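Quick notes on the structure that follows.
When a ligand or atom number is given, it counts from 1 through the structure's own listing order. The shown structure was predicted, so the numbers you read here are calculated from the model rather than taken from an experiment. Along the sequence shown, residues are numbered consecutively beginning with 1.
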Amino acid sequence: MIRSYFPKCVAVVALLALSVGALDTFSAAVYEHTVIIPNRTETPVSKEEGLLLMNKNIDVLEKAVKLAVKQGAHIIVTPEDGIYGWVFTRESIYPYLEDIPDPGVNWIPCREPWRFGNTPVQQRLSCLAKDNSIYVVANIGDMKPCNGKLVARYHKYNLFAPEIQFDFPKDSELVTFNTPFGKSGIFTCFDIFSHDPAVVVVVDEFQVDSILYPIAWYNVLPLLSAVPFHSACAKAMGVNLLAANTHNTSMHMTGSGIYTPEAVKVYHYDVETESGQLLLSDPKSQPRREPTYPEAVDWHAYASSVKPFSSEQSDFPGMIYFDEFTFTELKRNPGNYTDEVYALGAFDGLHTVEGQYYLQLELLKYCQTTDLETYGEAVGSAFTRFEDFSLSGTFGMHYVFPQIILSGSQLAPERHYEISRDGRLRSRSGAPLPVLVMALYGRVLEKDPPCLGQGPGKFQ
Ligand SMILES: *[C@@H]1O[C@H](CO)[C@@H](O)[C@H](O)[C@H]1NC(C)=O
Ligand SMILES: *[C@@H]1O[C@H](CO)[C@@H](O)[C@H](O)[C@H]1NC(C)=O
Ligand SMILES: *[C@@H]1O[C@H](CO)[C@@H](O)[C@H](O)[C@H]1NC(C)=O
């Protein structure tokens, strides 16, 4: 048997039927976990040593599960790579993998631990869910003998309750299932960028209410920082997003949250300590049925009805995360300026580094210096405050993720801005905001290449 290729990255969902009827709201928990990672090695450790390390991580997750249950949680999402980390070669990952059977087998590992061979991690996760009457979302690698052929990454779940209805999308990679708190779907990290199956299939076709989202996401400023980006995803897709990130400050991994279509319910972003963090909140079970559900936005309407922005300043190029933007310094109207420089930037093209995906985006960005070469660089704090703003563009598509990041990487609270139906991201309260970046991040799914490949925040 050739063991050189293993499919990786599988979301395992341990499910347990709750003895409750349909819920209007539910209590959701996400846990940002500081993963205990093994020492780097080329030669695989023994299965026992691997299990020892995984059990150390599950001990921590177990505490978080119990704490969440005590506070009434119905579901807890734990991070991608949360059980063994990410420092592996294709060979050294081997002792950490288990064969995860097809969910159709209707198996409760806690009750029948040996039915599919030696699967101690699935057994422990299953018992954790069963004994605590909670849905546990965890992420472990699946291993399949595959005769040298690379098997695509895919997701599976273990079914613990026969009465739960499962839908199998035509493409077996993505899963949706019904719970007492609406329909849920699962993505891991980079899936959120994709048309098929993630965004369009799961969100639009299957009309899911909540996405369970284990991630190992490293923040890439200014546009791909976990909390602003994922909260924008929840808004753009109109779903609850339960995002659990791994925590490792030296790898820039932090940023978990519970996001709804209307607002950020709770988030955690900590670049100071190495502690884990449990977050809880009560989102609506079926946000689409709420009167407050945001109306569809026409991301083309406003900007196409006004005269194009013209400036006496000349355009200049600047790089943001390997994409060449066109910038214009913001300096036209009379007003009080500080020494700080802001620029408007735009990009329309195929992003090609660490994954290929088509972007159309527009942003207003604070720039550290007046040196043109540095305009694309990320900056930490700004002192200029915007009392009134409106950003719009003539986007040709539906998926535009609006973000506002304030000085100190803080999120702008929803009460300070709105997204109007005609496609404007604009100020609302008049409270002056120290804006670092304000962006409309558009994904043109129809122009993507067939395979997006490896994406931001994805380690393997
Ligand atoms: C890594 O190696 C050091 C030194 O041999 C040891 O003390 C430590 O426990 C090891 N860590 C893990 C996670 O195995
Ligand atoms: C964070 O990740 C790095 C690189 O993978 C590792 O060396 C370090 O020990 C991790 N930090 C903690 C606190 O686990
Ligand atoms: C500039 O600031 C001064 C003092 O705060 C204020 O009186 C003046 O109206 C401002 N001018 C403009 C154009 O905003």
Side-chain angles (χ1 to χ4, degrees), residues 6 8-11 30-65 67 76-98 118 120-122 124-125 128 137-141 143 153 188-190 213-221 224-227 229-230 243-257 267-279 321 353-355 378 380 409 453-460:
F6 301 110
K8 299 170 292 176
C9 204
V10 163
V30 302
Y31 183 65
E32 183 162 312
H33 174 43
T34 307
V35 187
I36 304 162
I37 54 180
N39 288 324
R40 207 176 275 276
T41 165
E42 293 290 311
T43 40
V45 298
S46 66
K47 273 263 172 199
E48 292 69 35
E49 199 175 324
L51 184 59
L52 203 68
L53 179 110
M54 292 195 282
N55 272 328
K56 280 187 196 160
N57 278 302
I58 302 174
D59 289 345
V60 179
L61 299 180
E62 180 169 349
K63 283 198 188 114
V65 168
L67 196 58
I76 182 166
V77 183
T78 67
E80 181 178 24
D81 300 334
I83 292 176
Y84 44 67
W86 52 84
V87 288
F88 300 105
T89 61
R90 286 194 170 275
E91 285 70 37
S92 69
I93 184 82
Y94 172 68
Y96 300 89
L97 304 179
E98 289 184 1
N118 188 18
V121 172
Q122 289 172 84
R124 203 169 159 201
L125 291 171
L128 208 52
V137 179
N139 170 260
I140 61 167
M143 174 189 58
R153 186 184 77 178
T188 56
C189 243
F190 187 46
Y213 190 46
I215 50 177
W217 185 284
Y218 63 91
N219 295 310
V220 182
L221 296 173
L224 290 173
S225 188
V227 175
F229 190 74
H230 298 142
N245 203 354
T246 43
H247 186 86
N248 183 304
T249 55
S250 65
M251 300 290 291
H252 308 286
M253 292 196 291
T254 178
S256 303
Y267 76 94
H268 177 70
Y269 177 84
D270 167 25
V271 289
E272 307 291 328
T273 76
E274 290 299 342
S275 321
Q277 180 73 39
L278 180 70
L279 303 173
Y321 194 42
V353 178
E354 293 188 307
S409 294
Q454 186 162 329
K458 190 76 197 72
F459 290 94
Q460 295 293 339

For this session: Evaluate the side-chain proximity of T249 to M251: yes if any heavy-atom separation is below 4.5 Å, no if none is.
Result: no
Exercise. Think K56 forms a cation-pi with Y84, using NZ or CZ under 6.0 Å from the six-ring centre and within 45 degrees of its axis?
Worked result: no
Seminar exercise, completed: Under 4.0 Å from one or more heavy atoms of L53, ligand 1 contributes atoms 13 (C)
Exercise. Does the side chain of H33 come within less than 4.5 Å of L61's, by heavy atoms?
Worked result: yes
For this session: Return the residue, atom name and 0.1 Å-rounded distance of the protein heavy atom closest to atom 11 (N) of ligand 2.
Result: N248 ND2, 2.9 Å
Exercise. In the protein, which heavy atom is nearest to atom 4 (C) of ligand 2, and how far is it?
Worked result: M251 SD, 3.7 Å
Exercise. What's the shortest distance from atom 9 (O) of ligand 1 to any protein heavy atom, and which residue and atom give it?
Worked result: N39 ND2, 4.9 Å
Problem set entry | Sub-4.5 Å side-chain heavy-atom contact between T78 and N139 | no
Exercise. What's the verdict on side chain to side chain donor-acceptor pair (under 3.5 Å) for Q277 and S256, showing C-alpha distance, side-chain angles and the deciding distance?
Worked result: CA-CA 9 Å; Q277 180 73 39; S256 303; over 6 Å; no
Exercise. Got the closest protein heavy atom to atom 13 (C) of ligand 2, with its distance?
Worked result: E274 OE1, 3.6 Å
Exercise. Is the W217 ring parallel, tilted or perpendicular to the F229 ring (thresholds 30°, 60°)?
Worked result: parallel
Exercise. So which bit of V87 gets within less than 4.0 Å of ligand 2, heavy atoms only: side chain, backbone, both or neither?
Worked result: side chain
Seminar exercise, completed: Looking only at protein heavy atoms, what sits closest to atom 5 (O) of ligand 2 is W86 NE1, 3.1 Å
For this session: Specify the protein heavy atom at minimum distance from atom 6 (C) of ligand 2: its residue, its atom name, and the distance to 0.1 Å.
Result: I37 CD1, 3.5 Å
